[in-house]
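Single-structure report; data block below.
Computed over heavy atoms, backbone and side chain alike; hydrogens, waters and symmetry mates excluded.
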Amino acid sequence: MTLVRMGTRGRLTIPKKIRDSLGIKPGDTVSIIVTEGALLIRPVRNSIGDHWGSVEVDGPQDLNKVREEVKKSRGEKQGG
């Protein structure tokens, strides 16, 4: 078990050894889930947000349509 102290702004520092073992780098996104009186922190991988700004577009995009096209190309079930 590793203990960390919460700062005055509510921030926690994940120790380097843990960040390295999980492959968490500065700027990465993690999810925080409250479960049974505890926090579960997981790195988020391959979300559409990870690729934000990586492709040039010429106008507004329908992200729901983009998600469905990605699922279709992967052969995943659509609509959920």
Side-chain angles (χ1 to χ4, degrees):
M1 174 175 28
T2 301
L3 298 176
V4 297
R5 186 177 309 266
M6 183 178 298
T8 57
R9 293 184 174 185
R11 295 179 181 179
L12 299 173
T13 299
I14 301 170
K16 183 173 180 358
K17 185 176 179 179
I18 295 172
R19 292 191 317 264
D20 289 347
S21 72
L22 295 173
I24 300 172
K25 298 177 182 72
D28 284 355
T29 300
V30 297
S31 66
I32 300 176
I33 302 165
V34 178
T35 176
E36 299 178 21
L39 294 177
L40 176 62
I41 302 173
R42 290 185 180 160
V44 175
R45 304 282 186 239
N46 296 323
S47 74
I48 197 164
D50 291 339
H51 305 286
W52 186 262
S54 62
V55 177
E56 286 188 36
V57 295
D58 42 315
Q61 302 297 309
D62 180 349
L63 292 183
N64 289 324
K65 185 175 180 180
V66 171
R67 284 186 188 98
E68 290 302 317
E69 290 296 321
V70 169
K71 287 180 182 180
K72 183 177 174 182
S73 72
R74 291 181 178 171
E76 297 176 12
K77 185 177 179 182
Q78 293 188 14

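Tracing side-chain contacts under 4.5 Å through hydrophobic residues (I, L, V, M, F, W, Y), one never reaches I14 starting from L12; they form parts of separate clusters.
Of all the heavy atoms in V44 and V30, the pair that sits closest is CG2-C, 3.8 Å.
Between the NZ atom in K16 and the OG atom in S21 there is a gap of 10.5 Å [rounded to 0.5 Å]. For the atom pair K25 NZ and D20 CG, the distance stands at 8.5 Å (nearest 0.5 Å).
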Test I32 against L40 for side chain to side chain contact (heavy atoms under 4.5 Å, CB included), laying out the working first.
-> CA-CA 6 Å; I32 300 176; L40 176 62; over 6 Å; no

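By the 4.5 Å heavy-atom criterion applied to side chains, I33 and L39 are not counted as neighbours. Contact check for D28 versus P43: no side-chain heavy atoms found under the 4.5 Å cut-off.
Partner E69 forms a side-chain contact (heavy atoms from CB on, under 4.5 Å) with one of R67, K72, K71 and no other, that one being K72. Among the candidates T13, T2, I41, V4, the single residue satisfying the side-chain contact (heavy atoms from CB on, under 4.5 Å) test with I18 is T2.
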